[in-house]
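Each chain gets a letter, A, B and so on, in the order its sequence line appears, and its residues count up from 1.
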Amino acid sequence: MNASEFPTPPLPTPPLPTNDASIRQALVAVQGVSLSFGGNTVLSNVDLNVRSGEIYSIIGPNGAGKTSLLNCINGFYKPTAGRISFDDKDMSRLSVSRLARMGVARTFQNLALFRDLSTIDNLLLGRNLMMKTSFAQAAWYWGATRNEELNHRAAVEETVHLLQLAGVRDATVGRLSYGTQKRIEFGRALASRPKLILLDEPMAGMTQVEKSEMSAFIRTANKLLDVTVILIEHDVGIIMDLSDRIAVLDRGVKIAEGSPRQISTDESVIAAYLGTDH
Amino acid sequence: MLYRIARRLPSSHSDSLRIIARKEDRAIALVAGLFILLVVPAIAGDYVLSALLIPFLILSIAAIGLNLVMGYAGQASLGTGGFMAVGAYTSYKLATNIPEIPIVLDFFLGGLAAALAGILFGLPSLRLKAFYLAISTLAFQFFAEWLFSKVSWFWNDNASGVVSIPAFDVLGITIEGPRQSYYLVCAIVAIMTLAAVNLMRSHVGRRWMAIRDNETAARLMGISVPAAKLQAFAISSFYCGVAGALWSFVYLKTLGVSSYSIDISFKIIFMIVIGGMGTILGSFIGAAFVLLMPVVLNAVTVALSLPIDTGSVSSLEQIFFGVLVIYFVLVEPRGIMHLLGKLHKKLVSWPLNIGR
């Protein structure tokens, strides 16, 4: 009796071509970006190309400039030199809220939630830009504003479902566990239905179980909601599993870029992480 | 079991958007509303109406106003008295010089003038935070006091700095007795409270609270932080302005700058700290507490026939007051509303929580 006697199950249908990130165009193009504060150079001449629909990770030792790079893409910092384009539009001089309008969402390394508000209110704030009723309508509430609230409430409920937040829907977020807060922050970013989401260490301080849950959420969001992800993370195992492509920064310089397999064998990366004998 | 949550949880999104979630609570609110409108004016004497309830309702509006900017938007303000004065003097100028305008509209125009002052003196909030912002609003308070005591144009160049308010009528009814005043104030309070509640449960309030909790994240949500802060100052000052106008026109029947001193600013801060920051109902509870406490204290000393003269009672009042404020700041910074919330939770699970 050998294995060939068993009928092989049909192969899953291959993903639609649009889901294949490699043939899509660049969503974010970072070209020769440098950033310095006074005499302190944080980024020098960094080039990145993030394709639409991919999960793109940035790794590197502490102080490599990973968060600063996200802050540049996000509009918190203006690069000293170079250009960042998003959807083929130059965005290196745009404000944070302008970029939010264009579909860039973000989570922070140390959480930036609205601590005294409920999970639902935090998620609804993610949809803030879509709320268009006037001040007078809000003061009257019934009619336009109420309908708007109902619609967004229903839309936010999808995010609650996707990230399994139903149990903490009405809880004050400041009192929830760190892992849950991280998930809510991710949910708030997703609720705005962004094109691009920047995740700054979304799994820092989590248990192994929470980390694998979070990876699953990131992947689901990426595939299901068609959102491009730029991710900073220190857990190399997870990075290798999750990413389509990886860039390695060291002291403000990009030292490698490629698929997880390429990165794991790259000598300059090993040198940056472990040091080399000279 | 007075409270149940079984079959009382919201089962649709429209359920969850109600102002008062629980059915029992809605019934209580309805009964309370009818009581306030029908029973209170019937049983309360003139003194209770004109010396307790009317000032309570008017200062509640001011407390809501301060709560909007301080409790919801998180911007400290010590200028409440100043904004009230702007409302009062604007209404007075309009009422005396352009009598064609209905008087209630004058109150709201007074509020509008206060809102403009609020925007102007809210500008420092774009740069300053917390303590420093409080100081800059304090500057406005002193500026307003100076302005309305030095520029006699504001009180029509009267010889005395304190002018009396002429009688006025609303919808053809002359407001003279305390009952008419009470109903007028009730109507204005109802409208303004409803508007405040609606604003705070809509995206407007959510934006303010976002700024209070995390300005950076608020920017990330696409909120224009400067615009939202100025909006909060404007709306807050509008409420204070209307309250200021009513304070002179309906309660004091005179207009003088001493009624809008720093004392009243602090009084209203105490109201929202004791009542509960960031809650509309807390503004009312705080106002009732601050205004009724001296009365209760007086009644207690009389009832116990303590050998204390009235002067000592008022000093005692100050001491008691100070202790309470310190207590709330230290032990219960979320105020009476938070205490009530805890009680509510206990009632919901009663009797299963006995012994816990």
Under 4.5 Å, heavy atom to heavy atom: which of residues 144-163 of chain A reach chain B? Give them by number, or say none.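 The residues closer than 4.5 Å to chain B, in numerical order, are A/Thr145, A/Arg146, A/Glu148, A/Glu149, A/Leu150, A/Arg153, A/Ala154, A/Glu157.
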
Of all the residues in residues 83-105 of chain A, which have a heavy atom that comes within less than 4.5 Å of a heavy atom in chain B?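 Hits under 4.5 Å: A/Val96, A/Ser97, A/Ala100, A/Arg101.
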
Relative to chain B, which segment of A/Asn74 carries a heavy atom at a distance below 4.5 Å: side chain, backbone, both, or neither?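 Looking at A/Asn74, just its side chain touches chain B.
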
Heavy-atom pair of closest approach, residues B/Tyr239 and B/Ile61: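 Answer, listing the atom of B/Tyr239 first, then B/Ile61: O-CG2, 3.5 Å.
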
Could you tell me whether the side chain of A/Lys66 and the main chain of A/Gly60 form a donor-acceptor pair under 3.5 Å?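 Yes: the side chain of A/Lys66 pairs with the backbone of A/Gly60.
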
For A/Val229, is there any backbone N or O sitting under 3.5 Å from a side-chain donor or acceptor partner on A/Glu54?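 Checked: no pair found.
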
Choice from B/Leu194, B/Val225, B/Asn214, B/Val204 maximising heavy atom contacts with chain A below 4.5 Å: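 Looking at each of B/Leu194, B/Val225, B/Asn214, B/Val204 in turn, B/Asn214 comes out on top.
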
Hey, could you give me the SG/CG distance between A/Cys72 and A/Leu198, rounded to the nearest 0.5 Å?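 Rounded to the nearest 0.5 Å, the SG-CG separation comes out at 11.5 Å.
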
Report the distance from atom CG of A/Leu199 to atom CZ of A/Phe217, rounding to the nearest 0.5 Å.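 The CZ atom of A/Phe217 is 13.5 Å from CG of A/Leu199, to the nearest 0.5 Å.
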
Quick one: does NZ or CZ of [X] land under 6.0 Å from the six-membered ring centre of [Y], within 45 degrees of the ring axis?
X	Y	result
B/Arg201	A/Trp142	yes
A/Arg188	A/Phe114	yes
A/Arg106	A/Phe108	yes

